[in-house]
Amino acid sequence: ISQASKAYFGLKDFQQVKIIQKMSKDLNFPVKIIACPLIRQKDGLALSSRNIYLNAQEKNDALIINKTLKQAAQNFKIKSLDKVLEIAKDSLAKIPNSQIDYLEIRDFDDLSPANKKSKKAAMLIAIKIGKTRLIDNIIMEKK
């Protein structure tokens, strides 16, 4: 009977937000898509219902994800994209019993692969720790 004027999506799933924003614009939906910040626990782990599946050691190991993302954001300002990815992969490789599904740097606006001219991008990660698949990201900018 009535139509929503706003829809809220969390930036924890960065790709979802960007796809919904584009779809809404392309299809001329009269709904404002609002991106909500990614919320983290005090220790830096991204809040997720999946975190309950991590045992204590896996949860501790997962803290490497946020540390890696923060370092990538710093490296993005001064290093090549290939080097940023290489350093991040090396850091994530330290997580025992883990497997990276993807680790990519994408353009902030349209999710195309970032390139050396990209001033704003997102590092996106999906990683399986034990039996639990976690996703996370960080927005990176060159000033």
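We number each residue from 1, following the sequence as shown.
Contacts of F76 classified as ring-ring contact (aromatic ring centres under 6.0 Å, His included), with partners at least two apart in sequence or in another chain: none. The side chain to side chain donor-acceptor pair (under 3.5 Å) test applied to E104 returns R106, not counting sequence neighbours. Among residues two or more places apart in sequence or in another chain, the side chain to side chain contact (heavy atoms under 4.5 Å, CB included) test is passed with A114 by L81, I105, S118, A121. Applying the side chain to side chain contact (heavy atoms under 4.5 Å, CB included) rule to L47 yields the partners I39, Q41; only residues at least two apart in sequence or on another chain are considered. The salt bridge (charged side-chain N to carboxylate O under 4.0 Å, His left out) check on E141 picks up nothing, with sequence neighbours excluded. Checked against side chain to side chain donor-acceptor pair (under 3.5 Å), Q71 has the following partners two or more places apart in sequence or in another chain: N75. By the side chain to side chain donor-acceptor pair (under 3.5 Å) test, S49 is found to be paired with no residue, residues two or more places apart in sequence or in another chain being considered. For the salt bridge (charged side-chain N to carboxylate O under 4.0 Å, His left out) test, no residue two or more places apart in sequence or in another chain qualifies with K79.
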I would like to know whether I65 and L134 meet side-chain contact (heavy atoms from CB on, under 4.5 Å); could you show each step before the answer?
CA-CA 9 Å; I65 299 168; L134 302 173; 4.0 Å; yes
Should S112 and D110 be marked as a side chain to side chain donor-acceptor pair (under 3.5 Å) after you check the CA-CA gap, both sets of side-chain angles, and the distance that decides it?
CA-CA 5 Å; S112 64; D110 64 8; 2.7 Å; yes
For residues 88-97, which side-chain N or O atoms pair as donor and acceptor with protein atoms under 3.5 Å away, sequence neighbours left out?
| residue | atom | partner | partner atom | Å |
| --- | --- | --- | --- | --- |
| S91 | OG | T68 | OG1 | 2.6 |

Just list the side-chain donor-acceptor pairs under 3.5 Å for residues 26-35, sequence neighbours left out, or say none.
| residue | atom | partner | partner atom | Å |
| --- | --- | --- | --- | --- |
| D26 | OD1 | K22 | NZ | 3.4 |
| D26 | OD2 | K22 | NZ | 2.7 |

Side-chain donor-acceptor contacts of residues 50-57 below 3.5 Å, not counting sequence neighbours, with atom names and distances?
| residue | atom | partner | partner atom | Å |
| --- | --- | --- | --- | --- |
| R50 | NH1 | R133 | O | 2.8 |
| N51 | ND2 | A46 | O | 3.0 |
| N55 | OD1 | Q57 | N | 3.0 |
| N55 | OD1 | E58 | N | 2.7 |
| Q57 | NE2 | D61 | OD1 | 2.8 |

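I64 and L124 end up in different hydrophobic clusters when Ile, Leu, Val, Met, Phe, Trp and Tyr side chains are linked at under 4.5 Å. Taking hydrophobic clusters as Ile, Leu, Val, Met, Phe, Trp and Tyr residues chained together by side-chain heavy-atom distances below 4.5 Å, I135 shares a cluster with L11. By the criterion of side-chain heavy atoms lying less than 4.5 angstrom apart, applied directly or through intervening Ile, Leu, Val, Met, Phe, Trp or Tyr residues, I139 is not grouped with L85; the two fall into different hydrophobic clusters.
Sparse packing is recorded around CD of Q99, with 12 or fewer heavy atoms of other residues, nucleotides or ligands lying under 6.0 Å away. Atom NZ of K70 has 12 or fewer heavy atoms from other residues, nucleotides or ligands within 6.0 Å.
Closest non-hydrogen pair, K120 versus D107, comes out as O-OD1, 4.0 Å. Minimum heavy-atom separation, S98 to I129: CB-CG1, 4.2 Å.
Between D136 and L69 there is a side-chain heavy-atom pair separated by less than 4.5 Å. For the pair L45/L63, a side-chain contact is recorded, criterion being any heavy-atom separation below 4.5 Å from C-beta on. Side-chain contact between F14 and L111 is present, with at least one heavy-atom pair separated by less than 4.5 Å.
Applying the side chain to side chain donor-acceptor pair (under 3.5 Å) definition to pairs two or more places apart or across chains, those involving residues 3-16 are Q15-Y102.
Between atom NZ of residue K77 and atom NZ of residue K119 there is a gap of 13.0 Å, rounded to the nearest 0.5 Å. The line from CD1 of I78 to NZ of K83 is 11.0 Å long, rounded to the nearest 0.5 Å. Annotation: the span from D109 atom CG to Q21 atom CD amounts to 9.5 Å, rounded to 0.5 Å. Here Q74 contributes atom CD and I87 contributes atom CD1; the two are 12.0 Å apart, rounded to the nearest 0.5 Å. Put simply, OG on S24 and CD1 on I19 are 13.5 Å apart, with the number rounded to the nearest 0.5 Å.
A donor-acceptor contact shorter than 3.5 Å links the side chain of K18 to the backbone of F108. No donor-acceptor pair closer than 3.5 Å links the side chain of N137 to the backbone N or O of I125.
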